[in-house]
Amino acid sequence: MSKDLYNIILTPDPVLKTTAAPVDKVDDTIRKQMDRMLATMYEAPGIGLAANQVGILNRVLVMDLADREGGEKCEPIFMANPQLIYESEEPSVMLEGCLSLPGANADVERPAIVRVKYLDYNGNEAELEATGLLSHCVQHEMDHLDGTLFIDYLSSLKRNMVLKKVDKYKKQNNIL
Ligand code: NI
């Protein structure tokens, strides 16, 4: 292995249910974490990854939808301390998956449009307005920082179906 990647934490692990703490600033240590998270996300592959998922409890996330059809074309997005500053009344339903719950997905309803304030890779204040897949993605990743998973929005019946699929996936891939 030449790449310096994190291990992705799978459910059930308490770190995925824990609220992460804000960072003081975006310094070289945080930038290194962001780079390593992005490389880990690309390798998985996935379109978003939050710090909890690599066992770090700070409010950092990375996203890149560029390879996904139907997603807005974008470059990697790095966020520290993201805050929701607007959410639309209008909802959107999309199929979501999660690198911490491999082998399963489910429809999740969220606000269709959100605006997020955050610190970017250089530590500057930035804003993102997101619709479509990017909106679902940024809300999903911000949820991780509060210890929330997409299955928390499902009925217990659907949640159990997803968790059974994850168990099956783990067994098939010899993941303990
Ligand atoms: Ni996720």
Side-chain angles (χ1 to χ4, degrees), residues 5-21 36-72 74 76-77 79 82-84 86-116 128 130-176:
L5 301 178
Y6 290 114
N7 282 323
I8 295 176
I9 312 273
L10 305 185
T11 193
D13 187 301
V15 79
L16 297 173
K17 304 300 291 176
T18 306
T19 300
R36 203 173 157 196
M37 283 174 61
L38 190 74
T40 303
M41 185 195 84
Y42 283 145
E43 181 76 16
I47 59 171
L49 190 66
N52 302 51
Q53 295 179 276
V54 297
I56 301 172
L57 285 170
N58 62 13
R59 301 186 79 80
V60 170
L61 64 85
V62 300
M63 300 183 291
D64 189 345
L65 273 58
D67 291 340
R68 289 299 176 100
E69 274 185 2
E72 293 85 338
C74 63
I77 298 172
M79 291 187 175
Q83 279 182 287
L84 208 59
Y86 167 79
E87 57 181 60
S88 65
E89 297 269 324
E90 182 202 342
S92 160
V93 177
M94 269 195 174
L95 200 61
E96 294 190 16
C98 181
L99 294 175
S100 294
L101 290 95
N105 48 33
D107 276 330
V108 180
E109 182 179 311
R110 300 181 183 277
I113 305 167
V114 293
R115 238 183 345 259
V116 178
L128 174 77
T131 62
L133 183 59
L134 183 59
S135 177
H136 276 260
C137 187
V138 72
Q139 293 180 71
H140 175 121
E141 302 312 330
M142 287 173 70
D143 273 352
H144 273 300
L145 304 178
D146 290 324
T148 299
L149 301 174
F150 78 91
I151 54 170
D152 297 333
Y153 296 104
L154 307 178
S155 67
S156 58
L157 183 73
K158 281 188 183 166
R159 182 162 53 242
N160 287 335
M161 278 168 54
V162 167
L163 290 173
K164 268 186 195 153
K165 280 188 185 167
V166 173
D167 275 348
K168 194 174 161 194
Y169 178 93
K170 286 162 98 176
K171 276 189 194 122
Q172 283 171 345
N173 291 277
N174 292 314
I175 301 166
L176 290 177

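A donor-acceptor pair is defined here as one N or O able to donate and one able to accept, closer than 3.5 Å; such a pair exists between the side chain of Thr40 and the backbone of Tyr6. Between the side chain of Gln172 and the backbone N or O of Tyr169, no donor-acceptor pair lies under 3.5 Å. Between the side chain of Asp146 and the main chain of Thr148, no donor-acceptor pair closer than 3.5 Å is present. Using modelled atom types, no side-chain atom of Asn105 and backbone atom of Leu95 make a donor-acceptor pair closer than 3.5 Å. For Asp13 (side chain) and Val15 (main-chain N/O), a donor-acceptor pair under 3.5 Å exists by modelled atom type.
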Start with the C-alpha gap between Leu149 and His144, add the side-chain angles, then the distance that decides, and say whether side-chain contact (heavy atoms from CB on, under 4.5 Å) holds.
CA-CA 6 Å; Leu149 301 174; His144 273 300; 3.4 Å; yes
Taking it one step at a time, do Arg59 and Thr19 satisfy side-chain contact (heavy atoms from CB on, under 4.5 Å)?
CA-CA 9 Å; Arg59 301 186 79 80; Thr19 300; 3.7 Å; yes
Under the side-chain contact (heavy atoms from CB on, under 4.5 Å) rule, what do Gln53 and Leu16 come out as? Steps first, then yes or no, please.
CA-CA 6 Å; Gln53 295 179 276; Leu16 297 173; 4.0 Å; yes
Can Leu57 and Asn52 be said to form a side-chain contact (heavy atoms from CB on, under 4.5 Å), step by step?
CA-CA 5 Å; Leu57 285 170; Asn52 302 51; 3.5 Å; yes
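The line from CD of Glu43 to CG of Leu38 is 12.0 Å long, rounded to the nearest 0.5 Å. From Leu99, atom CG reaches atom CE of Met41 across 8.5 Å, with rounding to the nearest 0.5 Å. Here the CG-OG distance, from Leu128 to Ser135, works out to 9.0 Å after rounding to the nearest 0.5 Å. For the atom pair CG of Leu61 and CG of Leu49, the computed distance is 9.0 Å after rounding to the nearest 0.5 Å. For the atom pair NE2 of His140 and OH of Tyr153, the computed distance is 10.0 Å after rounding to the nearest 0.5 Å.
Residues Phe150 and Ala104 share a closest heavy-atom pair of CZ-O, 4.5 Å. Pro12 and Lys170 get closest at one heavy-atom pair: CD-NZ, 3.6 Å. Of all the heavy atoms in Val114 and Glu87, the pair that sits closest is CG1-CB, 4.0 Å. Of all heavy-atom pairs between Ser88 and Pro111, the closest is O-CB, 3.5 Å.
Legend: salt bridge (Lys or Arg N to Asp or Glu O under 4.0 Å) pairs involving residues 103-116, not counting sequence neighbours, sorted by first then second residue: Glu96-Arg110, Arg110-Asp143, Arg115-Glu129.
The 12-atom threshold is exceeded at CG of Asn173, counting heavy atoms of other residues, nucleotides or ligands nearer than 6.0 Å.
For the pair Leu65/Cys137, a side-chain contact is recorded, criterion being any heavy-atom separation below 4.5 Å from C-beta on.
Applying side chain to side chain contact (heavy atoms under 4.5 Å, CB included) to Met79 and the options Val62, Val116, Leu145 leaves one that passes, Val116.
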List the atom pairs, with distances to 0.1 Å, where a side-chain N or O of residues 158-167 and a protein N or O form a donor-acceptor pair under 3.5 Å, not counting sequence neighbours.
{"from": "Arg159", "atom 1": "NH1", "to": "Ile151", "atom 2": "O", "distance (Å)": "3.2"}
{"from": "Arg159", "atom 1": "NH1", "to": "Leu154", "atom 2": "O", "distance (Å)": "3.0"}
{"from": "Asn160", "atom 1": "ND2", "to": "Ser156", "atom 2": "O", "distance (Å)": "3.2"}

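Scored by the side chain to side chain donor-acceptor pair (under 3.5 Å) test, Lys17 finds Asp152 as partners (sequence neighbours excluded).
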